[in-house]
Amino acid sequence: MTNRFNGKTLLFALGLLTAAPATAADIWVSPTGSDQNPGTKEKPLASVAAAVRQGRELRRLADPSVQSGVHILLRGGEYRLYEPLFFRPEDSGTASSPTVVEAAPGEKPVLSGGVSVKGWRKPTTKLVGLPAAAQSNVWVADAPRVNGRVLEFRQLWVNERKATRAREVDDNNLPRLLAWDKVKQEGWIPTSALGGLKSAGQAEMVLHQMWAVAFLRLKTLEVQGAKTKIAFQDPESQIEFEHPWPSAVINGKNGSSAFYLTNAIEFLDRPGEWFYDAARGQIIYWPRSGETMTTARAVVPALETLVRVSGNLDHPVSNVLFKGLTFAHTSWLRPAQAGHVPLQAGMFMLDAYKLKVPGTPDKKGLENQAWIGRPAAAVMLSGAHHTGFERCRFEHLASAGLDYVSGTHDDAIVGCVFRDIGGNGIQMATFSDAGTETHLPYNPSDEREVCANELIENNLVVDCGNEDWGCVGIGVGYGRSITIRHNEISQVPYTGISLGWGWTKTANAMRDNKVQYNYIHHYANYMYDVAGIYTLSAQPNTLISENCVDSIGFSPYVHDPQHWFYLYLDEGSSNITVRDNWCPAEKFLANANGPGNVWQNNGPMVADRIKQAAGLEPAYRELKNLAPKLPPPSAKGNQSK
């Protein structure tokens, strides 16, 4: 494995994505096919899994038809997955004989983890707890049963548009905490924020904590006049009250932390909101204007992951490519099962606490420790190389979109769209293993673990982090020779591109990364301590250049209204060059940096040609048609300020 994404490697990766072997073994799949068919164009298979198996058998038997590759061609329509689609080392191709899963010419296949909700009807009796304004407007349906059990879910899409889980506040005017007692593990909120809620039931609090939000399941609530005492379920209660960063703010620079309550029938008070009454197995929904529930397509997710490409360091998966596919309708169940208290960029704490005596093996003054977990993604790859995604769409996903987890190299993500995603759009590389304290530098003895020589290019990333507001457009942990260029990222709640992990100046696995020619705008819509491009830890020979960062968001409840930046090198960032990046003002931060950083020519003085060249290249600009219309940048480049 090389240490540089050099020109030869890059051309090879792009060649894999664009080449179409003329004499490859073609295996056809159609939603109207049958797995008893031979998989020809005239008699296609019905499932992608059957096609993958057929290709695997052709390779096992060294069939002459695979000399130039295995092509699995999907006709248009929805392929409902009942378990993740697995690609194993036996499914590997070679440079001259890749395994390609792609849309048939002119077709739009969708790999979906969703289940249709049918049987919508008007309720025949009054629904207890439902606001009066909603009683005559809601429809109800029974929750789907999957594998003999009533499905658990937290998302609903109606006609491919995400519905809003019923919440007490319907705009940005969020209430604030009154008090937060870490010893008693209880909080105090205004009683007015309950919105008619009489008991904890299924309700949750979503709590704004500087650069992350916590999802906390209510355990009890006790009304005492104008204020109410609340407590939370475990394990999240202990983690929430013991961890120091990021934390709830009481009487800070911009008041106390904001929050909202969600997931109670009492909050269902406007069109587009829904509630799942788990005890009755019933979905309650108030349709939006123009939606007719007898004909609407309503979908809830049943899978958290749709595709796994899973090898290991000694037996990797190689030369498997995906082209023109849509990955849709995934779930995110952790908040409902264990709460969700993130440290940063969606990585959630499994255990965390403040140290009575500061000091860790890497930092003498560190006053806290944490161990983290990694959110699930719709498509996950580990132990793989020379894989790729071209012109794919990742949409209507509750957690992360695409994840290169570990042990990957020489892969390419080109011309894809990531939109309507609850977590990170793209996440890549190790962010600390669950058994390793997260502030310790990652430097494995077997360097094959490190994600390296990866290309993320000409992708549209929009409306990510729409459930977990602390997530980012593109998040890379301990990556090496990662090239992120010519992407457009917008409408994200926190940072556009986050590069690095560990908060450490100590030498680690990172180096030789490049973030160039990206256009990042309309970011930080909910969170602060933020930047368009953000880094952590030592990463020698890393270059951030010729990007355009514009249009910072502004929310009235952020913990520090001035703590936002266009470019931000955070703790431990070392040996990074930042040059020739356009942004409307020189608002940057270098916080607790290590040595060797170079800043040159960043701000509004940068040549206009650099600003204009950033973002999607001409061959990919039609992807912008899939993004929502946003207000133009103001004269100063700041949205709503």
Side-chain angles (χ1 to χ4, degrees), residues 78 80-85 110-117 143-144 146 151-167 202 204 206 212-217 236 260 262-263 272-276 278 283 285 297-308 326-342 345-348 373-380 392-403 405 417-427 461-473 475 491-494 526:
E78 184 174 82
R80 164 80 176 90
L81 301 180
Y82 295 90
E83 63 178 354
L85 182 64
V110 179
L111 303 184
S112 173
V115 179
S116 295
V117 180
V146 176
L151 185 64
E152 182 180 9
F153 55 92
R154 296 170 60 86
Q155 293 76 32
L156 169 68
W157 289 274
V158 179
N159 294 338
E160 299 304 320
R161 184 179 175 189
K162 194 174 193 175
T164 301
R165 207 159 173 247
R167 48 183 281 184
Q202 300 172 215
E204 301 172 5
V206 180
V213 291
F215 289 72
L216 308 169
R217 298 168 297 168
E236 67 265 35
Y260 67 87
T262 184
N263 199 34
E273 288 193 327
W274 68 284
F275 171 68
Y276 175 32
I283 306 169
Y285 177 61
R297 183 173 184 265
V299 175
V300 295
L303 293 178
E304 288 192 317
T305 298
L306 303 175
V307 176
R308 290 185 182 274
T326 294
F327 305 93
H329 306 131
T330 58
S331 189
W332 181 43
L333 294 177
R334 179 174 175 81
Q337 297 172 345
H340 180 67
V341 186
M347 305 298 147
F348 53 88
R374 187 185 191 105
V379 179
M380 305 182 73
C392 291
R393 289 167 62 168
F394 297 78
E395 59 188 15
H396 313 321
L397 308 173
S399 189
L402 174 60
D403 190 359
V405 181
V417 174
F418 298 82
R419 66 172 187 173
D420 182 19
I421 295 177
N424 298 319
I426 300 171
Q427 58 192 37
V461 181
V462 61
D463 188 24
C464 294
N466 60 26
E467 292 201 28
D468 186 346
W469 292 351
C471 287
V472 302
Q491 200 178 348
V492 291
Y494 180 45
Y526 297 112

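Computed over heavy atoms, backbone and side chain alike; hydrogens, waters and symmetry mates excluded.
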Next item on the list: Find out whether Arg297 and Asn159 are in side-chain contact, i.e. whether some heavy atom of one side chain is under 4.5 Å from a heavy atom of the other.
Entry: yes

Checklist line | Nearest atoms (heavy-atom pairs only) where Trp157 meets Pro301 | finding: CZ3-CD, 3.8 Å

Check: Listed by chain and number, what are the side chain to side chain donor-acceptor pair (under 3.5 Å) partners of His396, not counting sequence neighbours?
Finding: Glu160, Asp420

Check: To the nearest 0.5 Å, how far apart are CG in Asp468 and CD1 in Ile421?
Finding: 13.0 Å

Margin query: With a 6.0 Å cut-off (strictly less than), is the heavy-atom count around CZ of Arg161, excluding the residue itself, greater than 12?
Written below: no

Notebook entry, point to check: Do Glu467 and Lys162 pass the side-chain contact (heavy atoms from CB on, under 4.5 Å) test, and can you show the C-alpha distance, the side-chain angles, and the key distance before you say yes or no?
Noted result: CA-CA 11 Å; Glu467 292 201 28; Lys162 194 174 193 175; 2.7 Å; yes

Notebook entry, point to check: Can you name the closest pair of heavy atoms from Pro144 and Val300 and give their distance?
Noted result: CG-CG2, 3.9 Å

Note to self: Could you check whether any side-chain heavy atom of Pro342 comes within less than 4.5 Å of a side-chain heavy atom of Met347, counting everything from C-beta outward?
What the structure shows: no

Checklist line | Side-chain (Asn263) to main-chain (Gln202) donor-acceptor, under 3.5 angstrom | finding: yes

Notebook entry, point to check: OH of Tyr276 to CG of Leu151: how many Å apart, nearest 0.5 Å?
Noted result: 7.0 Å

Next item on the list: Apply side-chain contact (heavy atoms from CB on, under 4.5 Å) to Gln491 and Arg419, showing your working.
Entry: CA-CA 10 Å; Gln491 200 178 348; Arg419 66 172 187 173; over 6 Å; no

Margin query: Return the CG to CD distance between Asp403 and Gln427, rounded to the nearest 0.5 Å.
Written below: 4.0 Å

Notebook entry, point to check: Which pair of non-hydrogen atoms, one from Gly465 and one from Cys471, has the smallest distance, and what is that distance?
Noted result: CA-CB, 4.1 Å

Check: Does Ala377 offer a backbone N or O that forms a donor-acceptor pair with the side chain of Thr305 under 3.5 Å?
Finding: yes

Next item on the list: Could you tell me whether the side chain of Asn424 and the main chain of Val472 form a donor-acceptor pair under 3.5 Å?
Entry: yes

Next item on the list: Give the minimum heavy-atom separation between Val115 and Ala302, together with the two atoms involved.
Entry: CG2-CB, 3.7 Å

Item checked: Derivation of the side-chain contact (heavy atoms from CB on, under 4.5 Å) call for Leu397 and Gln155 -> CA-CA 9 Å; Leu397 308 173; Gln155 293 76 32; over 6 Å; no

Notebook entry, point to check: Who pairs with Pro335 by side chain to side chain contact (heavy atoms under 4.5 Å, CB included), at least two apart in sequence or on another chain?
Noted result: Arg154, Phe215, Trp332, His340

Margin query: Checking the side chain of Thr262 only, and the main-chain atoms of Ala166 only, is there a donor and an acceptor separated by less than 3.5 Å?
Written below: yes

Margin query: For a side-chain contact (heavy atoms from CB on, under 4.5 Å) check, start with the C-alpha distance between Phe153 and Val146, then their side-chain angles and the critical distance, and finish with the verdict.
Written below: CA-CA 12 Å; Phe153 55 92; Val146 176; over 6 Å; no

Notebook entry, point to check: Does any N or O in the side chain of Glu395 come within less than 3.5 Å of the main-chain N or O of Val417, such that one atom is a donor and the other an acceptor?
Noted result: no

Notebook entry, point to check: At what distance, to the nearest 0.5 angstrom, does CZ of Phe418 lie from SG of Cys464?
Noted result: 8.0 Å

Next item on the list: Could you pull out the closest heavy-atom pair between Ala336 and Glu152, with the gap in Å?
Entry: CB-OE2, 3.7 Å

Notebook entry, point to check: Going from OG1 on Thr164 to CG on Asn466, what distance comes out if it is rounded to the nearest 0.5 angstrom?
Noted result: 9.5 Å

Check: Is any side-chain heavy atom of Val110 less than 4.5 Å from a side-chain heavy atom of Arg393?
Finding: no

Next item on the list: Find the distance between OG (Ser331) and CG (Leu303) and round it off to the nearest 0.5 Å.
Entry: 8.5 Å

Notebook entry, point to check: Hey, does Trp274 have a side-chain heavy atom less than 4.5 Å from the side chain of Arg165?
Noted result: yes

